[in-house]
Colleague: 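Would you mind keeping the following structure in view while I ask a few things?
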Amino acid sequence: MRLRYPHTLLATMSMTTHPFIRPTGTHPFSPQLHHFNPCRSIFTVLCSRPPLSKNHPLPSPLTSNGYSRSSHATVPRPVHLENPDENEKERRFNSLKYKLEAVGLDTGICVPGQYNHLLCPMCEGGESGERSLSLFIAHDGGSAAWVCFRGKCGWRGSTQAFADSHSLSTATSQVAQIKKKREITEEELQLEPLCSEVLAYFSERLISQETLERNAVKQRKYDDQIVIAFTYRRNGALVSCKYRDINKNFWQEANTEKILYGLDDIEGQNDIIIVEGEMDKLAMEEAGFRNCVSVPDGAPPSVSSKDLPPREKDTKYQYLWNCKDQLMQASRIILATDGDQPGQALAEELARRLGKERCWRVRWPKRGKGDESFKDANEVLMYLGADTLREAVENAELYPIRGLFNFRDYFDEIDAYYHRTLGYEFGVSTGWNNLNEFYNVVPGELTLVTGVPNSGKSEWIDALLCNINEIAGWKFALCSMENKVREHARKLLEKYVKKPFFEARYGEHTERMCLEEYEHGKLWLSDTFFLIRCEDDSLPSIKWVLDLAKAAVLRHGVRGLVIDPYNELDHQRPSNQTETEYVSQMLTLIKRFAQFHGCHVWFVAHPRQLHNWTGGPPNLYDISGSAHFINKCDNGIVIHRNRDPEAGPIDQVQVCVRKVRNKVAGTVGDALLLYNRVTGEFTPVDKKSKK
């Protein structure tokens, strides 16, 4: 079924905004010149004579702006929008020229109201010395703007003679509105049928004479050389003409309408192919695809980072607007641009305007065993043949849309998961065998830890981190607001060295760690843990914590993050946002961080005040704030310490695994650990001891 689009050329899609639909934003000044990216050996002039090189002097004293004009070329005269006093106009113009010369622009031959081609003072025209800078001076001589069209330069700017001068944007838009498009004929351009030498040139590129004749490819004589003429037609009538010389230099007839090359071939077509050059369009026809068009202006050096401009300012891609009726009819658009960076940038710019939801892209075949691919359709035709070119087009891929995927895009990752080559498919061991039956640590997950005060939540997490570091070598970021740094260091060192930090009462009669053990432990602390702390008395926000955790992941290779506890964070929220909404949004941020960076996050949250508490472990739904804590976490754990001597050892800790989303990594259940007050270690209680 053919897709129908509204009269604005393309349908409005919620996933993206296309300029053909409802354009927004602004575009910096870009003169409506017939220029291409010179890095791709493409350029143009404002007349029907070819550009002059350094080695060819001007053939005639009748020149303007550095280019000669042939007598038969029809060039509109400048349109004067206003007629200021001549003395005042001259004063403005002289002042403007002084400012332009100050930035290196040669204004000796510049004329107000025209586009002037100059040598760019920044890039000096590159190796070819091309006059790639276009300077436009307003009709009143009061303002000017310029841009260099070399892809490796792009220098642009604007200036005014006086503060009260008319802005250039106003002047240029008025000129553009009044300037009429030229109407041209083959007789006027003196186009001729292709000679045997040119036919042989195309034959070497596997382009047949039949294809050339059907596409009305002509030739034209310039001085002592013959150039190829690609005729741009609409409904059979000549609209524009683009030339190519033996050195692969390109230029177009000035002031003609920009359209797609081969436009009549896509009239009424559901599927169309867009390529980057006329040779590629002809190559596609040799492979059996007539429903193909080429862009007239080559490719940009890179994708623009700016919003798409409205139609009247989308000068670089005006040819799309001029062909909107034909493009509206297509339900499938195959982008077969060049495989280099500018070609891919062109594909992205076209897809942004045409709608990515109906675009496909062609992947060109590889050159042998290396990673390098063939550049374009004509190259594939020349070296691999028409069948391979046809196969490449028929195997075009859906153009990627950000956020929309297929499982096929993840098959490599799924294969690695199946063959267990990713690492940690079943999670990292906790170091306690009885707990491993219920809980293992999987990268990219969120574990919520709760329990009544003084149950040992923080101590248990510290012991878990020490075990994981010993087993898997992980590093961790600690945002522990309730611990002083020195006290937290003592707890971690005691677990690592397995000796008390001090000879104090809690150490009983156990020998204190010696200085050598202490110094070795300090190196371990420095290598394993990174602290996230506020250096003043302000409360950290969750965004602040996650930003620093991201830096720790990227800089230090951190694999785990501890946020302890929730109530020590800054929880300011808009007045119209409920706590439940805030908690949901906060946990979403944490989960996205964990998944994107492959970092496991332990988040400690206290339960609300428990009324009529009987001494048993609390429920995850008892957490203060919102039920989203249990709804959004991947794992939910309650740490509960025995306080009844008759029920068992007073240092017995019950680890209650109350939620496990990933059944590969665990399941719901309880494990008992014994807490060693001297070293802060936890040891498992086996089933026999439990009995």
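None of these values were measured; they are calculated from a predicted model.
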Colleague: Can you classify the ring geometry of Tyr261 versus Tyr232 as parallel (below 30°), tilted (30 to 60°) or perpendicular (above 60°)?
Modeller: tilted

Colleague: Is Arg233 paired with Glu186 through a side-chain N to carboxylate O contact shorter than 4.0 Å?
Modeller: yes

Colleague: Thinking salt bridges, do Asp338 and Lys375 make one under a 4.0 Å N-O criterion?
Modeller: yes

Colleague: Just how far is it from atom CZ of Phe374 to atom CG of Leu389, taken to the nearest 0.5 Å?
Modeller: 11.5 Å

Colleague: Does Arg244 qualify as a cation-pi partner of Phe230, given the criterion of NZ or CZ under 6.0 Å from the six-membered ring centre and within 45 degrees of its axis?
Modeller: no

Colleague: In terms of heavy-atom contacts, does CD1 of Ile414 have more than 12 from other residues, nucleotides or ligands at under 6.0 Å?
Modeller: yes

Colleague: May I have the step-by-step check of salt bridge (Lys or Arg N to Asp or Glu O under 4.0 Å) for Asp387 and Arg390, ending in yes or no?
Modeller: CA-CA 5 Å; Asp387 291 341; Arg390 187 182 308 110; 2.8 Å; yes

Colleague: So that I can tick it off, tell me whether Glu253 and Arg182 are bridged by a salt bridge, with the cut-off set at under 4.0 angstrom between side-chain N and carboxylate O.
Modeller: yes

Colleague: Check the pair Arg353 / Tyr317 against side chain to side chain donor-acceptor pair (under 3.5 Å), numbers first and verdict last.
Modeller: CA-CA 9 Å; Arg353 291 162 171 81; Tyr317 302 94; 5.1 Å; no

Colleague: Quick check against the 3.5 Å criterion: does Asp264 have a side-chain atom that pairs as donor or acceptor with the backbone of Asn235?
Modeller: yes

Colleague: Are Glu397 and Arg363 close enough, and set up right, to give a salt bridge (Lys or Arg N to Asp or Glu O under 4.0 Å), and what steps lead you there?
Modeller: CA-CA 8 Å; Glu397 304 171 352; Arg363 296 285 192 184; 3.3 Å; yes

Colleague: Could you check whether Glu278 pairs with Lys242 (Lys NZ or Arg NE/NH1/NH2 to Asp/Glu carboxylate O, under 4.0 Å)?
Modeller: yes

Colleague: In the structure I gave you, are the side-chain heavy atoms of Ser373 and Arg367 within less than 4.5 Å of one another anywhere?
Modeller: no

Colleague: Less than 6.0 angstrom from the centroid, inside 45 degrees of the normal: does Arg408 satisfy that with respect to the ring of Tyr410?
Modeller: no

Colleague: Considering only NZ, NE, NH1 and NH2 on the basic side and carboxylate oxygens on the acidic side, decide whether Glu349 and Lys316 come within less than 4.0 Å.
Modeller: no

Colleague: Within 45 degrees of the axis of the six-membered ring of Trp360 and under 6.0 Å from its centre: does Arg332 put its NZ or CZ there?
Modeller: yes

